[in-house]
Amino acid sequence: MFGFTGDNATLVSAIILGTILVIGVFVGYIWAQRNDGLRSRIRRPPVRMPRERLRAIYNLTVSLTNTLNYERVLDIALDMSTTAFAEPGAPQNQLVSAVLLFDEDRLVVQTARRFTSADTRHTFPGMDGAISKAIHRGESTLVMNPSSDPEMERVVALRACNAAYLIPLRSGLDVYGLLLFAHPERGFFEADNREILDIIAAQAISAMENARLYNELEQEKERMADAQEEARRKLARDLHDGPTQSVSAIAMRVNFARRLMDRDLAEAGEELYKIEDLARKTTKEIRHMLFTLRPLVLESQGLQAALEAMAEKVNETYNQNVLVEIDENTVEVLDIARLGVIFYIVEEAVNNARKHARADHIWIRLSSVSTEVGLLEIEDDGVGFDVTAVNMFYDSRGSLGLYTLKERSELINGVIQVDSLPGKGTHILVYIPFSETGIERLRQGRR
């Protein structure tokens, strides 16, 4: 057995105590290092917005949702982006922002924050640099040194900025504008900040779509009211120019025949024959007007039968030759509502040609130009007219035939084209989409 003297026991105790102290110091150091790492991670938590800022963003979001004015939507979107990055007690927010919208083939500044008055008057072709890239790809684009970009270099507000973030305003296949954000700090548009801006842009796009749909609905209601009013005026004009005058003439001739009966029965009999012929002609005019107001044959027998019946009545009533060529496969793609609008487009165009063109023939054709788009044609061999001159002075003209054709074409999302020259006849083409893809194709072609 081992034994320790008093001195040895003291020495051993000292050694053990020293070892414990060394281990304690080492463990404490390791623990301190670990805590430092934990504290460093705790010091950098995800950015949390103060309650006041969250409340402000919430209020802006509610306003964005309830706004049906697209200009107000854009202002709120920029206010939201400014509020999202505002630091309590920090100096003035350095975020530069703007909304660029297409006006024909160029981008113009619709609204902006921290732009100079001169900056707001700049236009951007969108054909070069980062703006072109964002538009054509339809994707958000991060840009370093925007002041060196070929289209953004003229903007004074961007010269102090070292980074920019471009978000295209996109709906379906259409890009109708751009959200531009810029900041002096190169690292400002890190992933978290870009995500916030993408969310704001998505909300703005949704709100703009709602505003656009609401405005289109209001415009559609106005167009329908105008169309109904124009239909009433047209009916009044047709009654005045046709049956009303015919009935007045019949009344005058009956009075003349009554007086002739006391003097010359033979001549009175001839006059009665003329009255009978005029009465029959008036009856045909009234029946033709009733047919065009509500062609029941369209619902019961289809578009081709309705157009052929209309052509026959026009020939009987006005001695006007109307030839109909209809592709039944095209008709099968169209619903009854669009077939009704197509019938009224044809009826309006045929009446215009009959009254003004002095044509020997009027041709009606309906066919398909692709699986997504159909083509309605109304052509005549009449006197023709100068389309540019007519459009230039259209407001001062009494007739609204071309305007009515355009409105009715828009009811089916169609695009109308009128080709005519004096002495060369008139050719009206209405391109009719069969689906949403067809609508987008026509929009892109028109642009």
Side-chain angles (χ1 to χ4, degrees), residues 284 287-385 387 401-402 404-421 423-435 438-439 441-442 445-446:
K284 289 181 179 179
R287 285 177 177 171
H288 176 70
M289 293 173 63
L290 291 174
F291 174 80
T292 56
L293 283 174
R294 184 169 175 80
L296 297 178
V297 66
L298 176 65
E299 299 178 10
S300 59
Q301 301 180 42
L303 181 65
Q304 181 159 353
L307 292 177
E308 288 176 348
M310 182 196 70
E312 182 180 351
K313 290 182 179 296
V314 170
N315 184 269
E316 288 179 359
T317 306
Y318 305 106
N319 196 30
Q320 174 71 65
N321 292 316
V322 180
L323 308 174
V324 179
E325 301 175 19
I326 301 296
D327 177 19
E328 283 298 328
N329 292 328
T330 302
V331 173
E332 291 177 0
V333 181
L334 300 167
D335 55 56
I336 187 63
R338 285 188 288 179
L339 291 177
V341 175
I342 289 171
F343 176 85
Y344 289 118
I345 290 173
V346 172
E347 185 262 337
E348 181 69 27
V350 168
N351 276 341
N352 290 341
R354 177 182 62 79
K355 292 178 180 179
H356 308 297
R358 301 195 295 275
D360 293 329
H361 303 88
I362 301 173
W363 292 273
I364 302 167
R365 308 184 191 95
L366 179 64
S367 59
S368 298
V369 295
S370 72
T371 57
E372 301 294 341
V373 177
L375 176 61
L376 172 66
E377 300 176 84
I378 305 98
E379 185 177 7
D380 67 66
D381 55 2
V383 297
F385 62 96
V387 178
L402 292 181
T404 302
L405 290 176
K406 182 176 182 295
E407 278 199 331
R408 289 179 175 175
S409 299
E410 289 175 349
L411 288 175
I412 53 175
N413 294 305
V415 175
I416 187 170
Q417 175 183 331
V418 180
D419 297 329
S420 185
L421 288 172
K424 300 294 184 179
T426 300
H427 191 189
I428 297 173
L429 303 94
V430 182
Y431 294 91
I432 304 166
F434 298 149
S435 63
I439 294 173
R441 284 188 59 189
L442 289 180
R446 180 164 51 189

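- By the 4.5 Å heavy-atom criterion applied to side chains, Val331 and Leu339 are counted as neighbours.
- Counting only heavy atoms from C-beta outward, the side chains of Phe385 and His356 never approach each other to under 4.5 Å.
- Rounded to the nearest 0.5 Å, atoms CZ (Arg441) and OG (Ser435) are 9.5 Å apart.
- Counting heavy atoms from C-beta on, the side chains of Asn413 and Leu442 never come closer than 4.5 Å.
- Contact check for Leu405 versus Val418: no side-chain heavy atoms found under the 4.5 Å cut-off.
- Taking the side chain as every heavy atom from C-beta outward, Glu325 and Leu323 never approach each other to under 4.5 Å.
- Asp360 places none of its side-chain heavy atoms less than 4.5 Å from the side chain of Asn321.
- The shortest side-chain heavy-atom distance between Phe434 and Thr371 does not fall under the 4.5 Å cut-off.
- Across every non-hydrogen atom of Gln304 and Ile326, the tightest pair is OE1-CB, 3.7 Å.
- Atom CZ of Arg358 sits about 12.5 Å away from atom CG of Asp381, to the nearest 0.5 Å.
- How far CZ of Arg338 is from CG of Leu303: 12.5 Å, rounded to the nearest 0.5 Å.
- The CD atom of Glu312 sits 10.0 Å away from the OG1 atom of Thr317 when rounded to the nearest 0.5 Å.
- To the nearest 0.5 angstrom, Leu307 atom CG is 8.5 Å from Leu366 atom CG.
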Check your understanding: Under the side-chain contact (heavy atoms from CB on, under 4.5 Å) criterion, do Leu429 and Leu375 qualify, and how do the steps go?
Key -> CA-CA 7 Å; Leu429 303 94; Leu375 176 61; 3.9 Å; yes
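- Here the side chain of Glu410 pairs no donor or acceptor atom with the backbone of Ile416 at under 3.5 angstrom.
- Contact detail for Gln320 and His361: the closest heavy-atom pair is NE2-N, 4.1 Å.
- When atom types are taken as modelled, the side chain of Ser420 and the backbone of Gly425 share a donor-acceptor pair closer than 3.5 angstrom.
- When all heavy atoms are compared, the tightest approach of Thr426 to Gly384 is OG1-CA, 3.8 Å.
- If you check the side chains of Thr330 and Ser368, you find a donor sitting under 3.5 Å from an acceptor.
- Among Ile364, Asp380, Ile378, the one residue that satisfies the side-chain contact (heavy atoms from CB on, under 4.5 Å) test with Val322 is Ile364.
- Between the Arg408 side chain and the Tyr344 main chain, a donor and an acceptor come within less than 3.5 Å of each other.
- Of the residues Glu347, Lys355, Glu348, the one that meets the side-chain hydrogen bond (donor to acceptor under 3.5 Å, both in side chains) test with Asn351 is Glu347.
- A heavy-atom distance below 4.5 Å is found between the side chains of Glu379 and Arg365.
- Between atom CZ of residue Arg354 and atom CG of residue Asn319 there is a gap of 11.5 Å, rounded to the nearest 0.5 Å.
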